[in-house]
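What follows is a single structure, written as structure tokens, with notes after it.
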Amino acid sequence: MNQSFPKIEKLKSKKQIEQLFSEGKSISIYPLKLVYLKIKLKTEKPIQTGVTVSKRNFKSAVKRNRIKRLLRESYRLNKHLVFNTLEGEYAFMFLYLGREMPIYQELETNMIKVFQKLVKKEKNEKSN
RNA sequence: UUAGCAGGUCACCUUAUCGCUGCAUGUAAAACUUGUUUUUACAUGGAGAGGAAAGUCCGGACACCAUAGUGCAGUAUAGCGGGUAACGCCCGUCCGCCGAGAGGUGAGGACAAGUGCAGCAGAAAGUAUGUACAGGUAAUGCUGUAGUGAAACCAGGUAAACUCUAUGCGGUGCAACGCCAUGUAAAUCAGUGUUUAAGGGUGCACGCCCAAACUGAAGGGUAGGCGGUUAGAGCUUCUAAGUAAUUAGUUGUCUAGAUAAAUGAUAAGGACCUUUAAACUUGUUUAAAGUUACAGAAUCCGGCUUAUGACCUGCUUUUAUU
RNA sequence: GGCAUUGUGGCCGAGUGGCUAGGCAGAGCUCUGCAAAAGCUUGUACAGCGGUUCGAAUCCGCUCGAUGCCU
């Protein structure tokens, strides 16, 4: 099972990010929020992902960095849940909405829940 | 021991598994300009945040604007001597102030160039004036004291008030700037041309440059890519000079280059510290729980300032003991 | 990342070094049968720390917060 998370799977294009926020749908399970959009990507990977933490909630750069690292880590270890089950190409953006420092285990269970919800939702849309 | 002063050091460690970003080497594939080229993938090796990376408060390097000019304006600094690429920094020293002391601290030139300012109180605060008491005189604020105030018988105070003196400072900042790709300009370049009117190059004056029109060439935006971008006023060993800051020679060494922004996650063990409980030798041991403080490079250096955990060394005052 | 501006009661907003104006809002009183309006009274401020000065909202330095500009 591939658990790597190289540069090419990161969402970087400013245009695509703007498009994602203006047109994308979202799933939120507190304190996580996933904004996603079915989009044509330039790379051959099925998903590109980004991660953000608000400067308003966490002033310290050290804390923001740590949360983003934890988010990336939990995505990296659980992305197999969506990598092969979804059809088409997607752009993801994870937001951390909480105001307290997270604990890794809780973050991971939330991440899994988000993925399960996402897969269900997309299947329903397809059948409709 | 208690209280304090000064200086210095470190910034949790080890192992395993899964990952991230450069670099080097090798293998494979693709592309063509067939090169020990470029791109992609994999493997191996090695590297990967700080003492403040922070605030952006000073000073430089570097880049462009005229190889940045002159005067004014503006602005910064201010005992004396030294160090430095430079500084508002550092070292030494004199003086003032604070402290019992170790020590700390000071924008510390000039009010005998000119101008301004001083509420309340007080007779009087700037062309001085005249209360009470005492003394004195031919006579008089003529002399002393008191009282008000930060400052008062007349000279002063104040320049982190204007100002003067001396010295320094052109402006903008790596989102500077250069190249490539894309490419419909009034913008750019070259040639011809040459007048001053507006205008531009931080404010004003001067100076310099550009600037009409025609012909030819070429092509800006799209937050695309590459360079700038990390080997440097670098770190380090020893010796010499110097009270010191520092300098000279010498030995060894290569030490992050990300760009929605790389150092992480999990598990085990250990160290440190904190809290709680128990035991007794009263400051140690054992057990349990928690777990490192401040904080994340963004062009690069030298300082300053601010935030902050632990340890070590030297010194001072008082008291006690030997 | 770089460069600027700014901070005065709950809110808005004056303030040449000498007791910090004014308006709105709040509270109390008067007026009224009750309210509104009006009038009177009243509480609450110089972002923080240090320096210069006899004396700082004001001058100087540092810190904290807020806002804007540059691709």
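Note: hydrogens, waters and symmetry copies are ignored here, and every other heavy atom, side chains too, is used. In the text below, chain A, chain B and the rest are named by the order of the sequence lines, each starting its count at 1.
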Query raised in the report: Under 4.0 Å: is that the gap between some side-chain N or O of Arg72(A) and OP1 or OP2 of rA261(B)?
Result: yes
Query raised in the report: Rounding to a whole Å, what distance do you find between Leu70(A):CG and rC18(B):C1'?
Result: 15 Å
Report summary line: Rounded to whole Å, CG of Leu71(A) lies from C1' of rC20(B) at a distance of 15 Å
Query - Of Gln105(A) and Thr52(A), the one whose closest RNA chain B nucleotide lies more 5' - result: Thr52(A)
Report task. Write down the distance between CG (Leu107(A)) and P (rU266(B)), rounded to a whole number of angstrom. Result -> 11 Å
Report summary line: Separation between OH (Tyr36(A)) and CD (Glu122(A)), nearest 0.5 Å, reads 4.5 Å
Requested in this report: Between Thr49(A) and Lys63(A), name the one whose nearest nucleotide on RNA chain B is closer to the 5' end.
Outcome: Thr49(A)
Requested in this report: Rounded to the nearest angstrom, tell me the gap between atom NZ in Lys68(A) and atom P in rU263(B).
Outcome: 11 Å
Report task. First locate atom CG of Leu37(A), then atom CD of Gln48(A), and finally report the distance between them rounded to the nearest 0.5 Å. Result -> 12.5 Å
**Report entry** For atom CZ of Arg64(A) and atom P of rG264(B), their distance in whole Å
**Finding:** 17 Å
Requested in this report: Rounded to whole angstrom, note down the P distance from rA262(B) over to rG50(B).
Outcome: 15 Å
Report summary line: Of the candidates rG264(B), rU266(B), rA260(B), the side chain of Glu73(A) sits closest to rG264(B)
Query - Spatial distance of atom OG (Ser74(A)) from atom CE (Met111(A)) [nearest 0.5 Å] - result: 3.5 Å
Query raised in the report: Can a side chain N or O of Arg69(A) be found less than 4.0 Å away from OP1 or OP2 on rG296(B)?
Result: no
Report summary line: Separation between NZ (Lys121(A)) and NZ (Lys25(A)), nearest 0.5 Å, reads 7.5 Å
Query raised in the report: Atom CZ of Phe5(A) and atom C1' of rU263(B): how far apart are they, to the nearest Å?
Result: 16 Å
**Report entry** Spacing of the P atoms in rG48(B) and rA231(B) (rounded, Å)
**Finding:** 14 Å
Report task. Using whole Å, report how far CG of Asn65(A) lies from C1' of rU259(B). Result -> 13 Å
Report task. State which residue, out of Ile27(A), Ile112(A), Leu34(A), fulfils the side chain to side chain contact (heavy atoms under 4.5 Å, CB included) condition with Lys117(A). Result -> Ile27(A)
